Every structure is written in structure tokens, then in C-alpha cells.
2 protein chains.
Amino acid sequence: MVVSKDDKVKNEILIKAQGLFQIYGLKKTTMDEIAAACGKAKSTLYHYFKSKDEVFDAVINLEITSLRKAVKVNVDQKTNLTDKILAYFVTFHEEAFQRINLYRVVKQEIKIEAIGQLHFNKLFEFEKEYISRILEDGFDSGEYTEFAKDDIGWLSKTLIAAFLGIVRYMVESDEGIDTVKLKKAANMIIPKIFT
Amino acid sequence: MVVSKDDKVKNEILIKAQGLFQIYGLKKTTMDEIAAACGKAKSTLYHYFKSKDEVFDAVINLEITSLRKAVKVNVDQKTNLTDKILAYFVTFHEEAFQRINLYRVVKQEIKIEAIGQLHFNKLFEFEKEYISRILEDGFDSGEYTEFAKDDIGWLSKTLIAAFLGIVRYMVESDEGIDTVKLKKAANMIIPKIFT
DNA sequence: ATTCGACTATTTATGTTTTTTAGTCGGTTG
DNA sequence: CAACCGACTAAAAAACATAAATAGTCGAAT
């Protein structure tokens, strides 16, 4: 069989853990609880995962993977640079806010807590890489000439920082995530140079 | 005389407090220290200010006032909308980072601590109002037609949130505040519609 | 009206104990 | 022998108590 017994149990644990993390968060979910939810002893979990962090990591990666898939679908549909970046930002954040664990990481990160930092940095890094690639494609195809290629690294970081600022504000002010506003914001941030 | 004795002493206290806040921050500066710096007893301070918070408030307002003045000078020099907004953002943040107390509030705010919140909100509110006014002027003069007037409130909030996101990133990543980059960022955020 | 010193009421820091929880280990079972 | 368990340990977190620092009050003095 393609999916081994090992993978199956691992997945079972992850699903249960995911459910608990969603309800209680990382800190308030204990390994005993996860074990109980799986109908196993705690020590058994350590047969599949080295540590609690590794379990959480795996859950987050599960969600990031599915998020990336969703984003890719939307971005690939678009044909020009501006639409791609716009689609990227809108989809990314729509999808992220649908995934409570990720949302938590971002929200925790806003309040700068130790644990979220790593995941957030990874997220930021991923966003930067993704945007950089889109920009580079635009450059190579000659679609985009306004900035030097050397600026792409800085450019994508700034784009993301700005966009994250808006999302942050939406979260903090409890104004919720309004897709229409999000689109407007994205449209405003993405420099018209791109069009 | 125009400046009353009362105001003179108040100012003396504020100057001393400002110096101490700059060195030690709000929490690590005691009322006893401020009093000692003024060569007065602590209880005397309470004759001029209701509480320690009121002293800090007054200091912050002192700095905000001088900052506003500096910003206004730069903005007023510009003739068109885009330049005004650009000048506003660049000057505002340049000046803010020169004022350690304000900088502290902003930085504290990044780590969301109770005390900074109020000041930060006030700052945010001020920035919003200021930008709104600039935008409205642009509308009224017919310089700007792309957005509806109703959108100005949302527009200025978004602009500020985005810009704050970039500043935040600069602070967090310890990349420092590079004016050239700041200008680039501002240029990128301010939609080309304005030009 | 200003100032002060002595006082109180809160916060904050410190140290101690208890409880909770992550992670280990030897042994059991299918 | 891979998957599991229960009992154990070590480390972290929570709870508690105590001491110290500090914000803020008040009556008296100038």
C-alpha cells in the first residue's frame, strides 16, 4: 500500500491535535489530551513525534501546504503580473483566515509571543520568495521595467510588510476581514507601475 | 506676564521628566526621581499633575506638538497632493524616530503593551485625520477624482496601516530606518492614481 | 498658592512550595 | 519487533506568601 500504517497513525494524531489546537491553542493543549483524543497513551505519541513542537509544526505545515495549493490555483489562473500579485495577496489572506491555526499564529505573532515567531518568520519568508518569483517572471518577460532587478528582494519584503500592516490593523481594530476592502487595499498597494 | 508661574513650573517638571523618560522609559522612571531632578518633594508634583500618567501624557503631547510643527512645515512646502502625502509620511517618521519617547511608544506598541495603546491610538487617529484632510483638499480642488469622497476615511486608515506595517518591519528586523528606502516605500504605497 | 515630610495603599519583585506537564524508560503484547 | 502502555523523572508553570518599591494622600508650614 502507498500509505503506510505509520503514516496513517501519524495523520490520525495530527488531525486530533489540529482539532485541539484550534480550540485551545498550542500552550493550552497538552500531550495527554492529544493522546486521550487518539485513545492512546501519551508515551505512544513520542513513538511518532520527537516533541510537542514537532506535532505543532506538522499541523502548521499541513495547513500551509493546503493554503499554498489554494493560492497557486488562483494565481496561476491570472495571466499578467498585477493580477497575479493581487490574486496572491487576496487569496493568501482569505485562505489564511479560514485556517484558524494559522490565523492564531499570525494573531499571536502580532502580540509577539515567542512560539509564533518561528512560524511567522517562515510564513514571511515564504511570502517573500513567492512574490519575488512572480516579480522576477514579470521582469524576465519584459512586462515590468520600472525597477531594477536588484530591487526585487526589497520590493517584495516591503509589499508584504505593508500588506501585513493592513491585515494587522484589521485584526487589531476588530473590523474583521472584508474581502472587498482587502482587494481595494491590495490594489492600492500594488504600485500602478505594474499595470 | 503671558506665561504664568504655574505654567513655568509645569514646564520645568515636564522637561526633567522628559529627560528621565528618555533614559529609563516610563516604568523605570519614578516620581521620586522626577521630583529629585526638579529639586522638589514628590508631593509637590501632585500639585501640578494628577498622576504619573498625566505627566507622561503631557511629555508625549509636548513631543507630538513639536513633531506636528515639523511635519506641517514640510507638507506646506509641497504644492500637489502626491508630494504632500509623500512629504507627510517621510517627515512624520523621520521626526518620530528622532524623538525617543515617541519612538518608544511606537516600539512598545509593536509589542502591544497596555500603556502604549492609548498614545498609539491617538497617534493613529492624528495621522488619519491629517491624511484625511490632505486628501479632502485634493478632492475639493479637483486634483483627485479616482476615489469617492466617502472612501477617504477608509483610504487614509489603510494608507497609515500599510505604512506602519513597513515601519514595524524595519524596527523588528533591526534594519533601521533608511530614509531612502522609506521614500521608496512611500512612493510605492501612494497609489499612482494620485499623480 | 506652593511646598514639604510623614503616612497609606498599590504594585511590583522575590522567594518558596505545589502542581502540571513534557519527555523518558523498562516492560508487555500482538 | 513494531506499537503500545504505565509508572517514573525532570522541568516548567501556577499558586502562594512575603518583602520591597513606588504611586498617591493629607495635614501642617511657609
Side-chain angles (χ1 to χ4, degrees), chain A residues 1-21 23-60 108 111-119, chain B residues 1-21 23-60 101 104 108 111-119:
Chain A
M1 52 182 170
V2 184
V3 179
S4 69
K5 174 80 193 302
D6 191 84
D7 282 346
K8 230 176 163 176
V9 177
K10 259 188 168 171
N11 205 53
E12 151 87 1
I13 294 169
L14 253 31
I15 299 296
K16 297 293 186 188
Q18 186 175 38
L20 288 166
F21 285 144
I23 301 168
Y24 304 112
L26 170 60
K27 266 173 87 176
K28 289 284 173 192
T29 303
T30 70
M31 288 298 266
D32 276 312
E33 284 169 337
I34 298 172
C38 300
K40 298 191 184 302
K42 181 177 61 172
S43 50
T44 304
L45 299 191
Y46 286 89
H47 191 77
Y48 296 95
F49 297 95
K50 273 218 307 285
S51 66
K52 186 184 174 183
D53 276 344
E54 207 179 275
V55 176
F56 189 67
D57 249 55
V59 170
I60 293 290
Q108 261 185 326
K111 306 197 174 167
I112 310 266
E113 280 174 23
I115 198 68
Q117 193 80 43
L118 254 144
H119 296 289
Chain B
M1 55 180 166
V2 185
V3 179
S4 69
K5 173 82 193 298
D6 190 85
D7 282 346
K8 229 175 163 178
V9 177
K10 260 188 167 171
N11 204 54
E12 150 87 2
I13 294 169
L14 253 31
I15 298 298
K16 297 293 186 190
Q18 184 175 39
L20 288 167
F21 285 145
I23 300 168
Y24 304 112
L26 170 60
K27 266 174 87 177
K28 290 284 175 192
T29 302
T30 70
M31 288 296 267
D32 276 314
E33 284 169 339
I34 298 171
C38 300
K40 296 190 184 300
K42 181 176 62 171
S43 49
T44 305
L45 300 191
Y46 285 91
H47 193 259
Y48 297 95
F49 297 95
K50 273 217 307 286
S51 67
K52 187 184 175 182
D53 275 345
E54 207 178 275
V55 176
F56 189 68
D57 248 54
V59 170
I60 293 292
N101 279 331
R104 273 231 177 85
Q108 262 184 326
K111 305 197 175 167
I112 310 266
E113 281 175 22
I115 199 69
Q117 192 80 43
L118 254 143
H119 297 289

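As a basis for the values below, the full set of heavy atoms in this structure was taken, side chains included, without hydrogen atoms, waters or symmetry mates. Chain identifiers are assigned alphabetically (A, B, ...) following the order of the sequence lines, protein sequences preceding nucleic acid strands; residue numbering begins at 1 within each chain. These figures come from a predicted structure and were not determined experimentally.
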Can you tell me how far C1' of C:dT21 sits from CG of A:Leu20, to the nearest Å?
15 Å
Without decimals, in angstroms, what is the distance between B:Asp53 CG and C:dT10 C1'?
14 Å
Can you sort out the partners of A:Glu54 under salt bridge (charged side-chain N to carboxylate O under 4.0 Å, His left out), two or more places apart, ordered by chain and number?
A:Lys50
So, is A:His47 close to the D:dC4 phosphate, meaning a side-chain N or O under 4.0 Å from OP1 or OP2?
no
What nucleotide among D:dA23, D:dA14, C:dG23 has an atom nearest to a side-chain atom of B:Met31?
D:dA23
Taking the axis from the first five pairs and the axis from the last five, what angle separates them in the helix from C:dA1-D:dT30 to C:dG30-D:dC1, rounded to 10 degrees?
30°
For A:Asp32, the side-chain hydrogen bond (donor to acceptor under 3.5 Å, both in side chains) test, sequence neighbours excluded, returns none
Tell me: NZ of B:Lys27 to C1' of D:dA21, nearest whole Å?
13 Å
Counting heavy atoms from C-beta on, name the nucleotide in C:dT21, C:dG23, D:dT25 closest to the side chain of A:Tyr46.
C:dG23
Tell me which of A:Lys28 and A:Lys50 sits closer to the 5' end of DNA chain C, going by the nucleotide each one is nearest to.
A:Lys28
Between C1' of C:dT24 and CG of A:Asp32, the distance in whole Å
14 Å
Atom CD1 of A:Ile13 to atom C1' of D:dA3: distance rounded to whole Å?
11 Å
Validation: residues 33-46 of chain B side-chain donor-acceptor distances under 3.5 Å, sequence neighbours left out:
residue	atom	partner	partner atom	Å
B:Glu33	OE1	B:Thr30	N	3.0
B:Thr44	OG1	B:Ala41	O	3.4

Report yes if the side chains of B:Lys16 and B:Glu12 come closer than 4.5 Å at any heavy-atom pair, otherwise no.
yes
Once you round to the nearest 0.5 Å, how far does CE of A:Met31 lie from CG of A:Leu20?
11.5 Å
Hey, does B:Leu14 have a side-chain heavy atom less than 4.5 Å from the side chain of B:Tyr48?
no
Taking atom P of D:dA21 as reference, at what distance in whole Å does atom CD of B:Glu33 sit?
13 Å
Write down the distance between CG (B:Leu45) and P (C:dA1), rounded to a whole number of angstrom.
19 Å
Separation of C:dT3 P from B:Glu12 CD (nearest whole Å)
10 Å
For D:dC4, does either OP1 or OP2 sit under 4.0 Å from a side-chain N or O belonging to A:Tyr48?
yes
With sequence neighbours excluded, tell me which residues meet side-chain contact (heavy atoms from CB on, under 4.5 Å) with A:Ile15.
A:Asn11, A:Gln18
Is there any protein nitrogen or oxygen under 3.5 Å from a nitrogen or oxygen in nucleotides 5-7 of chain D, and what are the pairs?
residue	atom	partner	partner atom	Å
D:dC5	OP2	A:Ala41	N	2.6
D:dC5	OP2	A:Thr44	OG1	2.9
D:dG6	O6	A:Ser43	OG	2.5

Check each of B:Asn101, B:Leu26, B:Val55 against B:Ile60 using the side chain to side chain contact (heavy atoms under 4.5 Å, CB included) test, and report the only one that passes.
B:Asn101
